[in-house]
Undergrad: 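To start, I am sharing the structure in question, which I have written as structure tokens.
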Amino acid sequence: MQVMALRGAKDSGLNVPDEVMNKAVAYINRCRDSRSGGYRYLPSSDGAGYARTAAGICVLQLCGKYDAKEVEEGIKYLDLVGDDRQYFWYGHYYAAHAYHQIGGKIWEDYYLRLKAKLLATQRSGGEWAERAELHVGSEYQTAIAVLILSVPSHFLPIYQR
């Protein structure tokens, strides 16, 4: 989220030194697990995860590292691991943006698969409320589902190509 704020500030014309963004990239890459290509929560943490990797890829993209090998390896990790049941919504919020920035068939396949899953689990009242994540509430789940489904519409300027 801090990198999103920095990128938003930079995009709005505020001075954000390149050094600040470079430090964000250096930090996130210290969280990277070089064996799996995924990202950990902290540099000293064990175990990469889907949600953490999706967020890590977004940090790289927000810092302009669209073609970094770490992005490619992170996407391979996401494809291999699949959904993160513990952090499904958080993970797919970032994954949707990461895949969208890559574009092409990989984005289309990801989005069609996730869109079908989301629409199949939407409740008759319009909300989403997955039992595995009721601790975050249906309001959160619904808000994230709407944000994910709106990615192709380019409503969020920070993630426009």
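Keep in mind the model is a prediction, meaning the values are calculated, not measured.
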Undergrad: Could Arg7 and Asp11 be called an ion pair, given the rule that one side-chain N must be under 4.0 Å from one carboxylate O?
TA: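 Yes, this pair counts.
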
Undergrad: Would you say the ring centroid of Tyr99 lies under 6.0 angstrom from that of His92?
TA: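 Ring-ring flag for Tyr99/His92: false, centres at least 6.0 Å apart.
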
Undergrad: Any side-chain to backbone donor/acceptor pair from Thr142 onto Trp128? Under 3.5 Å, distance only.
TA: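 Yes; judged by distance alone, with no hydrogens or angles, the pair exists.
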
Undergrad: Is Arg40 reaching over with its side chain to a backbone N or O of Ser45, donor-acceptor style, under 3.5 angstrom?
TA: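 Yes, Arg40 side chain to Ser45 backbone: donor-acceptor pair under 3.5 Å.
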
Undergrad: The criterion is ring-ring contact (aromatic ring centres under 6.0 Å, His included); which residues satisfy it with Tyr87, sequence neighbours excluded?
TA: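 ring-ring contact (aromatic ring centres under 6.0 Å, His included) list for Tyr87, sorted by chain: empty.
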
Undergrad: Quick check against the 3.5 Å criterion: does Gln141 have a side-chain atom that pairs as donor or acceptor with the backbone of Trp89?
TA: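 No.
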
Undergrad: Under 3.5 Å, side chain of Tyr110 to main-chain N/O of Ala95, donor-acceptor pair present?
TA: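 A pair under 3.5 Å: no.
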
Undergrad: Is there any salt bridge (charged side-chain N to carboxylate O under 4.0 Å, His left out) pair reaching into residues 43-70, and which pairs are they, with sequence neighbours excluded?
TA: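 Those involving residues 43-70 do not exist here.
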
Undergrad: Tell me the closest heavy-atom pair linking Ala48 and Gly38, and the distance in Å.
TA: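 That would be CB-C, 3.6 Å.
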
Undergrad: Any sub-3.5 Å donor-acceptor pair from Tyr111's side-chain atoms to Leu149's backbone N or O?
TA: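 Pair found, side chain donor or acceptor close to backbone of Leu149.
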
Undergrad: Please check if the number of heavy atoms outside Tyr41 that lie under 6.0 Å from its OH is greater than 12.
TA: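 It does not: Tyr41 OH has 12 such atoms or fewer within range.
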
Undergrad: Quick check: is Leu147 connected to Leu112 through a chain of hydrophobic side chains (ILVMFWY, heavy atoms under 4.5 Å apart)?
TA: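 Leu112 does not cluster with Leu147.
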
Undergrad: Could you tell me if the side chain of Tyr140 sits less than 4.5 Å from the side chain of Tyr90, heavy atoms only?
TA: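 They are in contact (side-chain heavy atoms under 4.5 Å apart), so the answer is yes.
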
Undergrad: Is there a path of hydrophobic side-chain contacts, each under 4.5 Å between heavy atoms of I, L, V, M, F, W or Y residues, that connects Tyr27 with Leu62?
TA: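 Cluster IDs for Tyr27 and Leu62 differ.
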
Undergrad: Can you give me the closest heavy-atom contact between Ala98 and Ile75, atom names plus distance?
TA: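 Shortest heavy-atom contact: CB-CD1, 4.5 Å.
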
